[in-house]
Amino acid sequence: MKKVAFKTLGCRLNQYETDAIASQFQDNGFKLVPFNKEADVYVINSCTVTHQSDHKSRNFISQANRKNPDSVLVVTGCMANNAKNELEGRDEINYVVENDHKSSVFSLVEAHYNGEIFHPSKLNYDLFSYGSTDKGFHTRSMVKIQDGCDNFCTFCIIPSVRGRAVSRPIQDILENVKSVIAKGAKEVVLTGVNIGRYEYENFKFDDVVEQILDLDGDFRLRISSIEPDGFGDKFLGLLNHPKMTPHLHLCLQSGSDPILLQMRRMYSIKRFMEIANKIRSYRPDFNITTDIIIGFPGESDQDFEATCNVIKELQFGHVHAFKYSIRKGTRAERMQSQVDERIKTQRSEVLREIADDVKFQYRNGFIDKEQIVLVEKTDGENAKGYGEHYVPVEFKGFKLKKNHFYRVKIKNITTDTEPVLIGEQVK
Amino acid sequence: MRSHKVIEIRNLTPSTYVIKMEKKDFTFKTGQYITLGFSGSIDRREYSIYSSEQDEFLEVLIKEVEDGLVSKKLKRCKPGDYLDVDGPFGHFSLKEDEISEKKFLFIATGTGISPIHSFIATHPNMDYQLLHGVRKEEEAYEREAYKKNKYILCTSREKSGDFHGRVTEYLKQNPVSSDTVCYLCGNCHMIYEAYDILEKQGINLGPIHTEVYF
Ligand SMILES: Cc1cc2nc3c(=O)[nH]c(=O)nc-3n(C[C@H](O)[C@H](O)[C@H](O)COP(=O)(O)OP(=O)(O)OC[C@H]3O[C@@H](n4cnc5c(N)ncnc54)[C@H](O)[C@@H]3O)c2cc1C
Ligand code: SF4
């Protein structure tokens with residue numbers, strides 16, 4: 001039996017795509033092994049959001065090659081688009097597969113073993129031919145509803161590497177959701193690059209969400225990362241639906257209006273606050289998580305302070321913060337007032353402390369309350385999983401099973417940087 | 001991405017010019033922008049579409065930026081050259097149901113007047129007023145395209161305009177009634193300041209109402 005190993009960097013969409021590719025390999029008799037073990041095929045699904053991620057991808061390429069120099073090594077993801085020539089020049093890499101052709105990674109490897117080598121650019125061109133990902137790594141089933149983005153935020157390279165926004169036909173999405181539910185998925189996560197801008201025929205993002213929520217079955221729906229523009233109040237109204245999980249990853253990027261304008265983001269702080277407050281008016285404990293860029297060109301101490309204040313005010317359940325790094329070909333690359341690395345590092349430390357504090361406060365609020373936990377790992381008596389708010393929970397119970405929902409009473413919280421709720425099954 | 005042949009270059013000032021290209025089957029919504037560069041070149045920039053939806057050609061209004069790469073190169077293009085056009089992109093657009101119903105105030109700095117020109121050329125019967133902020137009178141690009149009493153030129157470096165000072169100063173002195181729909185385009189500082197002033201005057205601005213150039 002041939003063995004395949006995956007390494008995924010960067011965003012949730014990449015994780016979803018890795019899961020889908022992994023499923024294809026497993027369906028065709030491959031065994032999934034951890035990336036640090038010897039394998040016949042290594043797939044690195046890369047990312048170029050930061051320089052660190054480029055660096056990490058390069059390390060993983062070397063690591064795979066050391067483990068098994070005879071392996072088939074495939075690099076896909078954003079780095080494959082951005083640094084194609086460099087990667088194709090490296091002997092240890094067999095194939096560099098651009099994002100558009102990612103869904104063909106398995107066919108490529110298969111063709112490789114059949115001896116019929118062909119170039120990835122000749123593979124079937126189908127952005128959505130992933131099928132469902134139930135055999136992948138998560139109990140959550142990711143369903144991709146669109147790809148690409150036309151927003152062109154000035155720091156972001158995604159529109160140039162992933163191309164124009166393309167929305168998947170709504171019928172396909174509903175079929176996909178029905179099929180993963182039929183196969184036992186308990187949590188469906190909608191993914192895409194800029195899902196709020198979904199548009200297919202007359203259907204908008206809120207129509208997709210509404211129609212999925214109307215489907216029968218014992219499942220819950222999670223929206224992955226979403227930009228604060230594009231969707232309307234109808235969507236916010238749907239957040240109250242019993243099948244909808246009370247969690248949104250709403251990308252803020254900066255708490256300062258002048259910086260948001262320079263980023264060409266499509267909202268003001270006031271609008272962001274309005275959205276957040278409206279959501280919290282439905283459910284005060286709604287988990288709003290976010291992305292923040294630290295040290296965008298021109299970010300002054302005052303701008304940074306404004307960001308810290310928004311974090312404190314909105315009590316984000318989690319802040320994914322990263323230091324701004326120049327992406328070639330973006331407008332921000334050409335901006336004059338780049339921020340000194342040392343200042344970025346200092347600001348990161350300040351922000352991390354605030355974000356950790358706010359996160360702890362938020363999670364601490366669950367003590368003595370109940371969560372519906374979807375179990376991802378269990379030995380029957382102890383289980384780990386996520387509650388509906390997407391906060392990690394560990395609990396004790398009786399005859400616990402993976403991929404089942406349990407009502408859990410929260411009793412305690414750990415004090416790590418990633419605080420975990422501790423609870424007991426409610427009988 | 002497609003290649004469009006250049007038909008004509010119209011120099012409006014020593015640094016500002018209009019490139020007129022063939023339209024082919026390109027369609028767009030007035031207010032949107034394209035990315036433009038010489039065919040085959042990796043250096044491309046965003047430019048709002050200056051012409052109207054119904055024009056049979058495609059135009060952009062460009063100011064050569066000091067030390068700028070693409071705006072300098074494009075100035076040298078000649079009729080017959082080919083430019084690569086990608087798009088249209090952007091959400092800076094009019095709402096269909098407001099066009100003939102509402103009163104509009106357009107505020108632009110420099111070449112930020114480009115999408116406004118397209119709005120007005122596409123919908124000549126709109127009820128509008130246009131505030132154009134520039135340094136000198138010569139930057140009142142093709143002002144004959146706008147109705148006489150609807151165009152207000154604000155000049156910051158000369159007294160030659162209809163108003164001497166920045167558009168933001170004009171706004172403070174001439175408050176806007178709260179039923180006006182406002183669109184702002186141009187440099188970030190103007191947009192930030194004007195946004196504040198308008199909000200205090202009771203104007204509600206959504207994301208589609210601003211377009212930041214730099
Ligand atoms: C959505 C959008 C629409 C745009 N539409 C137009 C348009 O219709 N007409 C137009 O002339 N420009 C427009 N621009 C600006 C344009 O895309 C370029 O930035 C501009 O032409 C300069 O490019 P460059 O390669 O010459 O300069 P670069 O080499 O990119 O930049 C040189 C320096 O000039 C600064 N700079 C960039 N733009 C300007 C500017 N306009 N004025 C002063 N300094 C600047 C940069 O920050 C940089 O430091 C638009 C920008 C956006 C984002
Ligand atoms: S919305 Fe902005 S940050 Fe998000 S993918 Fe599009 S361009 Fe990038």
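Per chain, numbering begins at 1; letters A, B, ... match sequence-line order. Keep in mind it's a predicted model, so treat the numbers as computed, not measured.
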Exercise. Do B:Lys20 and B:Ser51 have a side chain donor and acceptor closer than 3.5 Å?
Worked result: no
For this session: Using only heavy-atom distances, determine whether the side chains of B:Ser39 and B:Ser3 contain a donor-acceptor pair under 3.5 Å.
Result: yes
Exercise. With ring centroids as reference points, do A:Phe155 and A:Tyr324 lie under 6.0 angstrom apart?
Worked result: no
Exercise. What part of A:Ser268 lies closer than 4.5 angstrom to a heavy atom of chain B: side chain, backbone, both or neither?
Worked result: side chain
Exercise. Taking the six-membered ring where the residue is Trp, are the ring centres of A:Tyr198 and A:Phe203 under 6.0 Å apart?
Worked result: no
Problem set entry | Check: A:Phe205 ring centroid to A:Phe231 ring centroid under 6.0 Å | no
Problem set entry | Part of A:Arg265 within contact of chain B (heavy atom distance under 4.5 Å) | neither
Exercise. Checking heavy atoms, do the side chain of B:Asp43, its backbone, both or neither come under 4.5 Å from chain A?
Worked result: neither
For this session: Examine whether an atom of B:Glu211 lies under 4.5 Å from a heavy atom of chain A, and if so say whether it belongs to the side chain, the backbone or both; otherwise answer neither.
Result: both
Exercise. For B:Tyr33, is it the side chain, the backbone, both or neither that has a heavy atom under 4.5 Å from a heavy atom of chain A?
Worked result: side chain
